[in-house]
Amino acid sequence: MGATGLIGQAFVKILSSHPLFRIASLTGSKTGIGEKYRDATNWKLPLDFPEKAGDIIITKPDIRSLKEMGIRIVFSALPSDIAGEIEDDLRKEGFYVFTNAGAHRYDPDVPILVPDINPGSIKLIEEQGFPKSGFIITNPNCSTAGLAVALGPLKKFGIEEVIVSTYQAISGAGYPGLSAMDISGNVIPHIEGEEEKMAKETKKILDIDPDIFTSCVRVPTLYGHLETIWVRLSGSPGEEDILNAWEHSSPEFATHSLTKRPVEYINTRGSVRNDLSFRGDPPGMQVYTGGLRRTGNRVGFHLLVNNLIRGGAGGSIANAELFHLRYRSNK
Ligand SMILES: NC(=O)c1ccc[n+]([C@@H]2O[C@H](COP(=O)([O-])OP(=O)(O)OC[C@H]3O[C@@H](n4cnc5c(N)ncnc54)[C@H](OP(=O)(O)O)[C@@H]3O)[C@@H](O)[C@H]2O)c1
């Protein structure tokens with residue numbers, strides 16, 4: 001759902017050659033209905049257009065017809081204000097919904113799942129009634145996704161306080177997003193609701209309650225959210241301990257989309273930069289850190305997360321892979 005938007009494009013790109021899932025249907029808003037995906041979509045990713053999906057006809061997100069087609073899994077890239085009700089209805093009808101929208105992130109029985117950080121939270125789907133009913137699994141907001149992946153391995157050092165400033169790309173606002181007059185050559189220190197979301201989601205994902213201070217800023221880059229972070233720890237690990245924690249942060253299980261090195265430290269003077277966004281294997285799933293500094297029990301670093309892949313569709317697809325691994329692979 002929302003296949004023509006930016007997150008939708010990332011979904012279609014990854015799913016069109018995925019070993020576990022097959023695209024059965026693509027939905028959009030009124031504008032593209034009845035058109036082929038290639039005609040209805042203004043392709044904006046810096047990756048080749050997925051020709052295999054090009055002839056699929058865009059339809060309305062209609063639950064009855066999705067059911068008739070035998071579809072089980074729905075990936076949602078809908079705007080949050082629309083997603084809430086449709087996703088609820090889909091769950092009631094038995095669908096497994098993996099969503100990027102924020103509508104259900106704070107429901108107590110809905111996980112904000114980052115498979116290499118809090119895989120255990122997937123069990124919350126049982127509180128939603130699964131396997132008797134469908135479920136909703138959310139992934140975090142794009143900037144939170146990167147923060148959670150970098151902070152997860154540092155949790156063992158006792159995270160007491162986090163101060164984070166973001167430099168978020170234009171693509172984070174969807175397509176067409178901000179007006180060119182507003183963002184060209186400009187920096188805008190306002191992203192509606194983002195600062196509150198980052199603090200709240202990080203606490204839910206990591207299951208900790210530190211003080212978190214956030215400042216979120218839109219900058220005129222296209223892809224990748226850069227963040228500068230200071231963390232106060234109760235322990236006082238050396239820089240080597242921090243680097244080791246990131247280096248050895250690979251998940252204990254393997255899925256198609258999860259990278260073996262969720263956090264890669266960039267040890268060059270340029271530190272992390274937006275042009276790393278689509279690097280890695282699979283592209284866009286790695287979070288990059290750099291510029292590590294330590295003062296007493298405070299640790300500072302930079303971070304880059306691909307907002308459309310790790311912070312968006314790739315994260316959601318990795319969630320579906322974990323679901324398959326935990327609940328379906330023996331069936
Ligand atoms: N962009 C990011 O970096 C990012 C990261 C993480 C999470 N998210 C979340 O992911 C979701 C999608 O974001 P996006 O950036 O991809 O937005 P987007 O580019 O604006 O795409 C929105 C999609 O939803 C469709 N849509 C809009 N209104 C609809 C309606 N009434 N009924 C059915 N479909 C409708 C649009 O179809 P048309 O093209 O036909 O209008 C389009 O396919 C949002 O909830 C956003 O908060 C975004």
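Whatever order the structure lists ligands and atoms in, that order sets their numbers, starting from 1. Numbering starts at 1 and runs along the sequence shown.
Side-chain contact of T255 with S257: a donor-acceptor pair under 3.5 Å is absent, judged by distance alone. E227 and H225 form no side-chain donor-acceptor contact under 3.5 Å, judged by distance and modelled atom types alone. Residues N42 and Y175 bring a donor and an acceptor atom of their side chains to less than 3.5 Å of each other. Counted by atom type alone, H302 and T228 present zero donor-acceptor pairs between their side chains at under 3.5 Å.
When T41, I309, L78, N141 are checked for heavy-atom proximity to atom 34 (N) of ligand 1, L78 turns out nearest. In this structure, of P176, G32, A77, G224, the residue bringing a heavy atom nearest to atom 23 (C) of ligand 1 is A77. If you check each of Y175, Y223, F11 against atom 18 (P) of ligand 1, the one with the closest non-hydrogen atom is Y175. Atom 32 (N) of ligand 1 has its nearest heavy-atom neighbour, among S29, C142, G5, in S29. Proximity annotation for atom 39 (O) of ligand 1: of N100, T4, I33, T138, T4 comes nearest, heavy atoms only.
For H256, the ring-ring contact (aromatic ring centres under 6.0 Å, His included) test picks out H18, with sequence neighbours left out. Partners of W230 by ring-ring contact (aromatic ring centres under 6.0 Å, His included), not counting sequence neighbours: none found.
Between I7 and ligand 1, at least one pair of N/O atoms sits closer than 3.5 Å. Residue G102 has no nitrogen or oxygen atom sitting less than 3.5 Å from a nitrogen or oxygen atom of ligand 1, judged on distance alone.
In terms of protein heavy-atom proximity, atom 1 (N) of ligand 1 is nearest to S171 O, 3.0 Å. G28 O, 3.6 Å is the protein heavy atom nearest to atom 33 (C) of ligand 1. In terms of protein heavy atoms, atom 31 (N) of ligand 1 is closest to I82 CD1, 3.2 Å.
When heavy-atom distances to ligand 1 are checked against a 4.0 Å cut-off, A83 has no atom that comes that close, whether in backbone or side chain.
Both the sub-6.0 Å distance and the 45° axial angle are satisfied by R326 relative to the ring of F253.
Checking atom 46 (C) of ligand 1 against the protein gives no heavy-atom contact under 4.0 Å.
Within the 4.5 Å cutoff, side-chain heavy atoms of I57 are placed close to those of K36.
Each of the atoms 45 (O) of ligand 1 lies under 4.0 Å from some heavy atom of A101.
Sparse packing is recorded around CG of D48, with 12 or fewer heavy atoms of other residues, nucleotides or ligands lying under 6.0 Å away.
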